[in-house]
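Single-structure report; data block below.
All values reported here derive from a predicted model rather than from experimental measurement. Order of the sequence lines sets the chain letters (A, B, ...), proteins ahead of strands, with each chain counted from 1.
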Amino acid sequence: MESRPHLGPAGGVNLQSKLSPYMPTNQKAEAAAQAAAGESSSLEVRYTPAEIEAKWQARWAEQPELYAAEPASSPKQKYYVLEMLPYPSGQLHMGHVRNYSIGDALARYMWMQGYNVLHPMGWDAFGLPAENAALKNDTPPREWTLGNIAAMKRQMNRLGLSYDWRNEVTTCLPDYYRWNQWFFLRMYERGLAYRKKSKVNWCPQCATVLANEQVVAGCCWRHEEQIVEQRDLEQWFLRITNYAQELLDDLSKLEGWPEKVRTMQRNWIGRSEGARVEFEVEDGSAAAEDEEKARKTGTAILPAREGVGGTGQKIAVFTTRIDTIYGATSVQLAPEHPLMKEMAAADPALSNAVAALLEQQRKAREAGDVGAIEKHGAFTGHYAINPFSGERLPVWVGNYILLDYGTGAIMSVPAHDERDYEFAKKYGLEIRVVVLPRRTGETPAEGEVQALLPFTSEDSLLINSGEFNTLGCVESQSKMAAHAEEHGFGNATVTYRLKDWGVSRQRYWGTPIPMIYCPNDGIVPVPDDQLPVLLPDQVEITQQGGSPLARAPEFVNTTCPKCGAKALRETDTMDTFVDSSWYFYRYTDAKNDQAPFDTSTVAYWFPIDQYIGGVEHAILHLIYSRFWTKVMRDLGLVKNDEPVERLFTQGMVIRNGAKMSKSKGNVVSPDEMVERFGADATRMYSLFAAPPDRDLDWQEDGVAGVSRFLGRVWRFAMKHAERAKAAAGKEHPTTDKEMMDALRHPTPASQLILRKLHQTIRKITEDFAGRWHFNTCIAAIMELVNTLTAAEPAIAAGEVPDAVLAEVLRTLTLLLAPFAPYLAFELWEHIGEKENLLRAPWPQFDETLAREEQIEIPVQIKGKLRSVVRVDAEADEQAVRDAALADEKIAALIAGKEIARIIVVPRKLINIVVK
RNA sequence: GCCCGGAUGGCGAAACUGGCAGACGCAGCGGACUUAAAAUCCGCAGACCCGCAAGGGUUGUGGGGGUUCAAGUCCCCCUCCGGGCACCA
């Protein structure tokens with residue numbers, strides 16, 4: 001067993017495991033304490049979670065099979081419950097505790113429901129913090145990471161989490177990351193992994209490239225104050241855009257996912273339907289004299305003219321509103337558009353203008369308000385021909401045009417687009433109305449339309465649009481796209497906001513990309529039989545940019561697998577999101593050294609039945625995981641289209657109104673809570689303080705309250721354990737003769753207790769199946785215990801048979817098992833149960849026992865509560881009515897008044913409406 | 001600006017399809033036990049008003065309207081807080 005020096009008192013007492021499993025040690029200690037305090041001998045056993053939990057931890061450590069999933073050949077129905085794997089920072093925080101408490105409760109419940117449960121855990125172990133720690137503490141990343149993993153694993157075990165550690169996955173170990181490399185090679189073979197030179201987001205502090213998803217408001221996601229720069233680098237990309245449509249379509253299948261997450265992904269994929277239209281750049285030589293003025297400012301359209309030739313260069317624009325193309329009064333290019341480079345090269349003034357635009361963009365990014373940036377632009381001096389009208393439109397460069405969306409160029413239609421309108425107003429460009437509100441009767445007056453600008457509704461009619469006049473917008477969109485296609489200057493098309501996934505990172509602590517650069521053969525993939533490409537241990541980590549691996553000659557220098565010539569290895573490593581994109585498949589077969597996993601085992605376990613984690617992963621991790629699954633499916637490795645059947649995103653843990661963070665100084669350490677109140681109380685509080693999907697306000701007094709409650713449970717159970725144990729020694733209490741007698745002639749006390757008991761079973765069972773309001777489940781158990789302690793005098797008076805008591809204690813223990821496992825195991829033993837609690841069947845509720853015999857019906861007069869009457873639960877409408885009217889208070893209040901109507905809601909209320 | 005959440009006692013919250021608002025817990029107050037304290041147990045408790053009391057009345061779920069016998073819950077408008085996206089053509 002591992003030592004646990006950091007756990008304080010609890011750690012010191014665990015020698016108990018050597019003693020009898022039953023209670024004497026506790027009792028002796030307690031008796032001694034009481035004797036020392038000079039108290040009487042009344043043996044009230046005190047709840048000491050430190051002792052109980054240490055005892056069970058030691059026992060569980062000796063039973064690695066306790067939480068083991070059965071093999072895929074099991075006849076049981078499978079249930080795969082998964083919590084998002086943590087980054088091994090070295091310390092669990094309360095968010096983890098909450099996440100794992102939810103998952104653990106569910107796993108334990110499903111075990112008790114008879115499922116074959118897979119409940120694994122692992123470590124997202126590559127990543128930058130290890131390199132930072134190496135710089136700071138001079139500790140090798142590997143050592144630092146593995147040390148952190150050991151520490152966090154101890155914390156998890158201390159919490160009593162039911163993980164099947166046989167399938168632990170640690171992403172920074174070669175037996176895992178070799179499969180990252182293997183997948184990368186498969187993707188390369190299929191053209192899904194490719195290399196291209198591209199502008200990349202560069203964080204100077206991380207000294208590496210960031211994915212688009214890691215850029216938040218123009219800044220690095222890890223360094224909120226750090227402006228992300230743009231650099232040109234050769235990078236590896238994964239072609240996630242090949243799956244854009246499927247990723248979008250399949251969102252509708254994910255009915256077990258929060259609508260919020262699906263919406264976020266839908267927006268992220270950002271599909272829009274529209275058309276691509278080519279505008280030919282005009283050959284400037286044909287300019288007539290009378291056009292000179294317009295040419296200088298670029299604020300007017302030049303009419304179509306015979307004989308004006310194009311230069312052959314084309315500007316492709318993307319638009320979702322091709323129906324407004326006759327209203328286009330300029331063409332706008334992104335400052336980084338390739339054509340701009342050419343135009344600027346020949347025109348120093350334009351070159352300066354473009355530089356100024358880029359500078360503004362950079363500044364806006366620094367200021368953090370990219371969206372609110374003021375629009376600027378410049379006329380390029382060139383014209384392009386509208387292929388529909390033949391008109392010649394001025395070509396502008398605008399800072400509001402994004403290079404990496406659509407084609408990096410637009411047609412500007414000021415009358416029918418807000419942004420174009422704003423730009424045109426500022427620069428005096430023509431605003432031409434081509435769409436009018438759809439209306440019965442005559443055309444709206446010109447001035448009326450002016451007041452509506454920019455008019456963007458598509459429920460409208462076209463005007464000034466040549467042969468398309470009087471068509472509706474939507475109708476004309478398909479007609480115009482077809483027209484463009486027919487004449488060869490455009491087509492209907494779809495664009496996505498989603499970009500290919502740049503996976504190259506100029507970092508040390510990640511998966512080496514398995515590629516070799518050969519002077520003869522170019523890019524050569526590492527052959528499968530040479531995997532893994534091992535990450536070398538001895539690499540100096542510095543703050544200078546570039547890939548640290550490039551400074552490790554023994555790594556870089558290799559031979560070409562094809563020709564044997566001296567060659568160089570790729571020195572970039574993979575984005576860590578690669579690691580987390582498929583780790584949950586590895587859990588099913590973590591020791592496989594022939595393949596990433598066994599496909600039939602995965603076929604049994606997948607999809608994941610329930611995934612639980614923070615909403616912060618709604619886009620990145622969860623979209624990459626879906627992509628990876630689809631690629632693996634196309635590789636024939638898995639049968640499922642989606643990895644996760646049901647997703648649950650839990651709320652944040654906050655304290656004093658803010659998310660726990662070191663900078664706010666409001667962090668509560670799980671270790672401290674566990675030490676003071678025990679793991680059961682800490683976990684149970686995290687479920688009790690709020691429903692799991694809402695934010696949770698951490699209050700230490702609340703943890704103390706839960707701890708007190710567990711103490712009440714403990715004392716009640718210990719007081720009656722012997723009687724219960726005696727009864728449990730017979731057949732199962734519910735079929736026992738004594739029990740049947742008790743039910744046939746129930747004393748009022750037993751009846752009350754059993755009713756509450758079965759109401760509680762019903763409540764918790766229903767919640768696990770649906771709402772997951774564990775806060776009210778725990779409240780229900782508290783109510784049950786309150787009922788039990790209130791019944792103590794009756795129990796003492798012998799009004800509750802042993803069999804009933806045994807059934808109550810047994811069931812109470814089962815109900816507690818998902819939420820407070822240590823206490824439940826301890827009580828289970830005390831009441832003489834031998835069976836493994838984790839596999840004991842979840843109690844069934846008995847509707848007859850749960851039913852109330854008499855209920856209180858509120859009596860309202862004109863909607864105001866005036867009295868309450870007691871009636872039989874099955875009382876019919878007439879009986880309720882009679883009871884209400886017979887009530888003294890009611891009779892007095894309605895005396896002499898005329899009754900207009902009486903509303904009786906069976907089992908709920910009665911409302912008497914008087915005139 | 002757009003899209004999601006949310007607003008209920010001193011605090012965390014409950015009220016699942018409209019039907020006794022505030023379950024359960026925290027903090028608080030009173031009492032029992034104790035030399036005392038801790039621990040434990042019992043009781044009180046939205047606010048306001050009347051009453052010595054038992055009890056009774058009014059009011060109350062961010063604000064304003066509406067539907068209904070009945071609204072925390074449904075509809076319309078508004079305010080504030082949290083989160084996400086943000087020039088996506």
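- Using modelled atom types, one side-chain atom of A:Asp500 and one backbone atom of A:Thr241 make a donor-acceptor pair closer than 3.5 Å.
- We find that CZ of A:Arg694 is positioned 13 Å from P of B:G5, with the value rounded to whole Å.
- Comparing the same atom, P, in B:A71 and in B:G66 gives a spacing of 13 Å after rounding to whole Å.
- Residue A:Asn786 places at least one side-chain N or O under 4.0 Å from the OP1 or OP2 atom of B:G25.
- Spacing of C1' atoms, B:A14 relative to B:A21, comes out at 9 Å, to the nearest Å.
- In this structure, A:Gly270 reaches neither bases nor backbone, as no heavy-atom distance under 4.0 Å exists between it and the strands shown.
- Across the P atoms, B:A7 and B:G62 are found 8 Å apart, a figure rounded to whole Å.
- Closest-nucleotide positions on RNA chain B for A:Lys763 and A:Asp697 were compared, and the one nearer the 5' end corresponds to A:Asp697.
- Note: A:Phe768 and A:Phe774 meet the aromatic proximity criterion, with ring centroids under 6.0 Å apart.
- Between the side chain of A:Thr787 and the backbone N or O of A:Glu783, at least one donor-acceptor pair lies under 3.5 Å.
- Between B:U61 and B:U8, the two C1' atoms lie 4 Å apart (nearest whole Å).
- Remark: B:C69 base-pairs with B:G19; criterion is Watson-Crick or G-U wobble with both hydrogen-bond distances under 3.5 Å.
- When the nucleotides B:C41, B:A86, B:C24 are ranked by their closest atom to the side chain of A:Arg715, B:C41 comes out on top.
- Using a 4.0 Å cut-off between a side-chain N of Lys or Arg and a carboxylate O of Asp or Glu, A:Arg907 and A:Glu852 do not qualify as a salt bridge.
- Spacing between atom NZ of A:Lys756 and atom C1' of B:C24 amounts to 10 Å, rounded to whole angstrom units.
- Residues A:Tyr400 and A:Val706 each lie close to RNA chain B; by heavy-atom proximity, the contact nearer the 5' end of the strand is made by A:Val706.
- Regarding A:Lys889, its NZ atom lies at a distance of 8 Å from the P atom of B:G57, rounded to whole Å.
- One P atom belongs to B:G46, the other to B:C24, and the distance between them is 13 Å to the nearest Å.
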Generate the contact string for nucleotides 65-74 of chain B. Rules: B means base contact, S means sugar-phosphate contact only, - means no protein heavy atom under 4.0 Å. ----B-----
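- Straight-line distance from the NZ atom of A:Lys864 to the P atom of B:C20: 15 Å, rounded to whole Å.
- Applying the 4.0 Å criterion to OP1 and OP2 of B:G84, one finds that A:Thr263 has every side-chain N and O outside that range.
- Across all strands shown, B:A54 has no partner, as no Watson-Crick or G-U wobble contact with both distances under 3.5 Å is found.
- Atom CD1 of A:Ile890 and atom P of B:C20 are 15 Å apart (whole Å).
- By the ring pair (Phe, Tyr, Trp, His ring centres under 6.0 Å) test, A:Tyr421 is found to be paired with no residue, residues two or more places apart in sequence or in another chain being considered.
- Out of B:A23, B:A89, B:C26, the shortest distance to the side chain of A:Ile401 is found at B:A89.
- Atom CD in A:Glu418 sits roughly 12 Å away from atom C1' in B:A89 (whole-Å rounding).
- Taking each heavy atom of A:Arg276 and A:Thr493 in turn, the nearest pair found is N-CG2, 3.6 Å.
- Within the nucleic acid shown, A:Asn775 comes within 4.0 Å of sugar-phosphate atoms alone, with no base atom in reach, counting heavy atoms only.
- Checked against B:A89, B:G84, B:G19, the side chain of A:Val905 finds its nearest nucleotide in B:G19.
- One interatomic measurement links the two molecules: CZ of A:Arg708 to P of B:C42, which rounds to 13 Å at whole-angstrom precision.
- Going from atom CG of A:Leu893 over to atom C1' of B:G56 covers 11 Å, rounded to whole Å.
- Summarising the base pairing, B:A13 is matched to no nucleotide, lacking a Watson-Crick or G-U wobble pair whose two defining distances lie under 3.5 Å.
- In terms of phosphate contacts, A:Arg266 brings no side-chain nitrogen or oxygen within less than 4.0 Å of OP1 or OP2 of B:C4.
- In this structure, A:Lys375 satisfies the cation-pi test against A:Tyr400, with its NZ or CZ atom closer than 6.0 Å to the six-membered ring centre and inside 45 degrees of the ring normal.
- Nucleotides B:U17 and B:U73 have their P atoms positioned 13 Å apart, rounded to a whole Å.
- With a cut-off of 3.5 Å on both pairing distances, the Watson-Crick or G-U wobble partner of B:G5 is B:C81.
- With respect to the salt-bridge test (charged N to carboxylate O, under 4.0 angstrom), the residues A:Glu259 and A:Arg266 qualify.
- The phosphate of B:G19 has neither OP1 nor OP2 within less than 4.0 Å of any side-chain N or O from A:Arg907.
- At a cut-off of 3.5 Å, with distance as the only test, a side-chain donor of A:His720 or A:Glu792 sits close to an acceptor on the other residue.
- When the C1' atom is used for both B:A15 and B:G9, the distance is 15 Å, rounded to whole Å.
- Of the candidate nucleotides B:A86, B:A23, B:A89, B:A86 has the atom nearest to the side chain of A:Trp268.
- Comparing the C1' positions of B:G72 and B:C2 gives an interatomic distance of 28 Å, to the nearest angstrom.
- Of the charged side-chain nitrogens involved, none lies within less than 4.0 Å of a carboxylate oxygen, so that A:Arg771 and A:Glu766 do not count as a salt-bridged pair.
- Between A:Arg262 and B:G84, a side-chain N or O to OP1/OP2 separation shorter than 4.0 Å is absent.
- Distances were taken from every side-chain heavy atom of A:Phe688 (C-beta onward) to each of B:C24, B:C41, B:G19; the shortest belongs to B:C24.
- Between B:C3, B:A13, B:A89, one nucleotide has an atom nearer to the side chain of A:Tyr405 than all others, and that is B:A89.
- Base orientation of B:G9: syn, the glycosidic angle falling within 90° of 0.
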